Amino acid sequence: MIVMKFGGTSVGTTDSIDSAAKIVAAAVEKQTQRDGAEESPGVLVVVSAMGGVTNTLIDAAQAAAAGDETPYRDARSQLLVRHQVVAGQLIEDGVERAGLGRLFDNRLREFERLCRSITVLGELTQRGLDVVSGVGERLSAPLLAAVLRANGVNSQFVDAGEVIITDDQFGNANPLMEATPARCRDRLLPMMQSGIVPVVTGFVGATEKGVPTTLGRGGSDYSAAILGAALDADEIQIWTDVDGVMTADPRIVETAQSMEELSYEEVAELAYYGAKVLHPKTVTPAVESSIPLRVLNTFNPSHPGTRIVEKTRQLHYGVKAITAVRELRLITVAGRGMIGVPGIAARTFDAVARQRANVLMISQGSSEQSICFVVPEAEGDAVVGALKVEFARELAQNMIEEISHQPDIVIVAVIGAGMKGTPGIAARVFNALGERNINVIAIAQGSSEANISLVVLQTEADEALRAIHDTFELGNGAD
Ligand code: ADP
Ligand code: ASP
Ligand code: MG
């Protein structure tokens with residue numbers, strides 16, 4: 001059985017939805033030929049909202065909370081038209097089209113009602129936002145299922161709220177790994193055994209009480225991995241708009257090329273450090289169940305894409321790919337009074353943890369005079385405030401001289417499992433940056449040694465990526 005996930009870019013227009021449906025139809029045909037006609041098609045589809053829809057929904061809800069009702073009213077009519085146009089172009093059957101039209105209309109009316117109550121309350125809770133932001137997938141999944149039926153594939157849409165059961169961490173919910181597999185098996189296996197291809201909404205889930213949740217932005221990849229692991233799939237395919245996982249983001253580094261194979265460890269590092277092609281949590285369910293992942297291009301389906309496996313076949317020495325996380329802040333706690341005083345680091349990170357801030361990188365000078373670390377810009381003010389409270393006494397006594405912070409910085413991460421034991425990589429990185437006058441503000445090496453991370457200024461980040469990509473000859477034509 002395979003899980004096929006189509007991202008927002010793969011279902012953004014009539015043509016791309018048509019391509020996605022043809023890819024699924026071909027996979028169903030292939031699985032049926034392999035397993036025999038009487039067997040189930042063995043394909044499960046996961047789909048994101050049409051490209052840009054989630055942003056539109058979130059922006060509209062935020063405007064509603066601020067008292068502006070125009071965006072949600074506009075969004076309702078615009079989204080109705082956008083989905084209906086696709087249905088009109090790809091589905092001939094009038095009854096089918098009318099049914100879909102009613103479904104779109106009902107869901108968007110519900111969206112409008114929600115936004116109206118957000119305006120009345122003047123407040124948008126994370127819980128409310130999860131209901132609104134999941135509407136896009138609740139429109140695209142029924143649409144894709146209907147387009148599949150129009151292509152001769154017996155298909156039905158399933159709301160992931162029925163199968164992905166999560167905790168109540170709204171906006172970034174975690175699947176409950178007892179309830180979810182059981183629900184998936186009960187709801188999805190009988191469908192698949194009777195020859196139906198389920199089209200499940202990506203990104204969303206629900207608590208045990210049925211309250212809608214979301215798995216975090218870009219979370220449809222994670223949905224696919226959760227479902228694949230729950231159903232013990234043979235492969236999880238992530239269909240997107242590039243030829244697999246590439247040596248760098250092709251939007252920034254033009255010469256980036258796609259990689260045939262990567263290990264779970266390498267792709268986890270890449271995703272964690274900002275490579276948007278896979279949601280960072282996607283790897284965990286796949287690793288735990290040893291299910292291979294494949295990243296493929298909806299717009300170039302004959303390209304083999306990237307296979308992500310436990311151990312790569314070829315040994316590759318050195319750097320494989322580079323990536324960057326943006327919108328970060330570097331915070332430094334410094335002072336001579338820190339030398340030899342135990343517990344400063346522990347107190348620093350306790351204070352940070354109380355703010356629930358995510359620390360992306362830590363670097364401490366051997367002189368112990370300072371600790372610096374990086375958090376998302378959005379969490380920066382809260383963290384600095386908490387540290388000033390935690391170290392109020394030390395600051396007053398000048399044991400800690402300053403808690404300084406620098407906004408607009410980026411972590412550039414250099415990735416490759418084969419970097420272990422390959423000397424001189426950091427030196428080459430520094431040389432490449434030095435030649436272009438790019439200042440490295442801080443550096444750290446991950447404990448896995450599959451990653452070296454550097455902090456640079458936002459304004460120099462793209463240039464830094466290109467410089468490192470060039471110096472390791474990761475581009476087209478190089479091996
Ligand atoms: P989807 O809508 O399919 O989920 P995303 O936009 O979330 O697609 O992810 C695909 C995009 O990720 C690509 O278009 C590319 O610009 C970006 N990207 C960033 N880093 C990488 C990388 N290392 N390899 C491939 N794509 C990357
Ligand atoms: N539609 C959601 C988002 O834009 C989930 C996804 O695309 O994976 O974040
Ligand atoms: Mg994505």
Side-chain angles (χ1 to χ4, degrees), residues 4-13 16-17 19-20 23 46-59 79 129-130 132-141 160 164 171-173 200-205 213-226 237-260 262 266-282 294-300 303 305-306 308 319-326 412-416 461-462 465 468-469 474-475:
M4 307 176 81
K5 175 262 173 179
F6 292 88
T9 48
S10 299
V11 293
T13 62
S16 53
I17 295 188
S19 305
I23 290 167
V46 177
V47 69
S48 297
M50 290 178 79
V53 169
T54 314
N55 285 346
T56 304
L57 295 165
I58 293 174
D59 291 348
L79 292 178
L129 186 58
D130 271 9
V132 173
S133 57
V135 167
E137 276 72 8
R138 293 184 165 107
L139 297 168
S140 63
I164 297 186
N172 201 10
V200 185
T201 51
F203 182 49
V204 301
T213 55
T214 64
L215 306 176
R217 292 307 307 271
S220 299
D221 303 323
Y222 188 29
S223 310
I226 295 167
Q237 300 180 348
I238 306 291
W239 289 84
T240 183
D241 63 344
V242 284
D243 289 336
V245 183
M246 307 186 74
T247 50
D249 185 344
R251 290 184 208 185
I252 293 159
V253 181
E254 268 175 27
T255 53
Q257 63 172 352
S258 99
M259 293 174 280
E260 220 173 282
L262 276 179
E266 288 166 330
V267 92
E269 295 279 350
L270 266 174
Y272 183 76
Y273 286 101
K276 198 184 164 204
V277 64
L278 272 187
H279 185 278
K281 290 185 184 168
T282 312
R294 201 130 65 93
V295 180
L296 294 146
N297 190 351
T298 306
F299 305 97
N300 188 13
H303 191 285
T306 304
I308 297 153
V319 175
K320 271 200 178 162
I322 50 169
T323 178
V325 203
R326 289 156 206 274
V412 171
V414 181
I415 315 275
D462 290 356
L465 285 167
I468 301 169
H469 199 264
L474 302 179

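All values derive from a computational prediction rather than experimental measurement. Whatever order the structure lists them in is the order used to number ligands and atoms, beginning at 1.
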query = Any non-hydrogen atom of Met50 lying under 4.0 Å from ligand 1?
reply = no

note = Nearest non-hydrogen protein atom to atom 27 (C) of ligand 1, with distance, is Val277 CB, 3.7 Å

request  = Identify, for atom 4 (O) of ligand 2, the protein heavy atom at the shortest distance, and state residue, atom and that distance.
outcome  = Arg217 NH2, 2.9 Å

request  = Report the nearest protein non-hydrogen atom to atom 6 (C) of ligand 2: residue, atom name, distance rounded to 0.1 Å.
outcome  = Ser220 OG, 3.4 Å

note = Judged by heavy atoms only, the candidate from Ile415, Thr306, Asp249 nearest atom 20 (N) of ligand 1 is Asp249

request  = Give yes or no for whether the N/O distance cutoff of 3.5 Å, strictly under, is met between Gly218 and ligand 2.
outcome  = yes

key: Polar contact flag, side-chain donor to acceptor under 3.5 angstrom, His279-Ser220   = no

message = With heavy-atom distances below 4.0 Å as the criterion, list the atoms of ligand 1 near Gly244.
response = 25 (C)

message = Testing the basics here: between Ala248 and Ala256, what is the closest heavy-atom pair and its distance to 0.1 Å?
response = O-CB, 3.4 Å

query = Any ion pair linking Asp462 and Arg326 (charged N to carboxylate O, less than 4.0 Å)?
reply = yes

request  = Work out whether the distance between some heavy atom of Thr9 and some atom of ligand 1 is less than 4.0 Å.
outcome  = yes

task = Would you check if the side chain of Glu137 reaches a backbone N or O of Phe203 as a donor-acceptor pair within less than 3.5 Å?
result = no

task = For residues Leu57 and Leu79, report the shortest heavy-atom separation together with the two atoms involved.
result = CD2-CD1, 3.7 Å

task = Would you mind reporting whether Val253 and Thr247 have side-chain heavy atoms less than 4.5 Å apart?
result = no

request  = Look only at interatomic distance and state if Thr54 has a nitrogen or oxygen under 3.5 Å from any nitrogen or oxygen of ligand 2.
outcome  = yes

ask   = Among all protein non-hydrogen atoms, which one is nearest to atom 13 (C) of ligand 1, and what is the separation to 0.1 Å?
value = Asp241 OD1, 3.5 Å

inquiry  = Within the structure, is a non-hydrogen atom of Gly219 found at a distance of less than 4.0 Å from ligand 2?
reply    = yes

task = State the OG-CG distance between Ser133 and Asp59, to the nearest 0.5 angstrom.
result = 11.5 Å

inquiry  = Tell me the nearest of Val11, Val242, Thr240 to atom 3 (O) of ligand 1, using heavy-atom distances.
reply    = Thr240

ask   = Within the structure, does Gly8 bring an N/O atom to less than 3.5 angstrom of an N/O atom in ligand 1?
value = yes

query = What residue and atom, counting heavy atoms only, is the protein's closest point to atom 7 (O) of ligand 2, and at what distance?
reply = Ser48 OG, 3.5 Å

query = Is the closest N or O pair between Met246 and ligand 1 shorter than 3.5 Å?
reply = yes

query = Which ligand 1 atoms are under 4.0 Å away from a heavy-atom of Val245?
reply = 24 (N)

query = Looking at side-chain heavy atoms only, is the closest gap between Val245 and Ser258 below 4.5 Å?
reply = no

key: Check: Lys276 N/O within less than 3.5 Å of ligand 1 N/O   = yes

ask   = Are any of the N or O atoms of Ser10 closer than 3.5 Å to those of ligand 1?
value = no

key: Side-chain H-bond candidate by donor/acceptor type, Ser16 with Thr13, under 3.5 Å   = yes

inquiry  = Considering both backbone and side-chain atoms of Asp221, is one of its nitrogen or oxygen atoms within less than 3.5 Å of a nitrogen or oxygen in ligand 1?
reply    = no

ask   = Looking only at N/O atoms, are Glu137 and ligand 2 under 3.5 Å apart anywhere?
value = yes

Side-chain (Ser10) to main-chain (Trp239) donor-acceptor, under 3.5 angstrom = yes

ask   = Among Thr54, Asp130, Asn172, which residue meets the side-chain contact (heavy atoms from CB on, under 4.5 Å) test with Thr214?
value = Asp130

ask   = Minimum heavy-atom separation for Ser140 to Ser48, with atom names?
value = OG-O, 2.8 Å

query = Are Asp221 and Lys276 close enough for a salt bridge, meaning some N to O gap below 4.0 Å?
reply = no

task = State if His279 counts as touching ligand 2 under the rule of any non-hydrogen atom under 4.0 Å.
result = no

request  = Under 4.0 Å from a heavy atom of Lys5: give me the atoms of ligand 1 that qualify, with their elements.
outcome  = 4 (O)

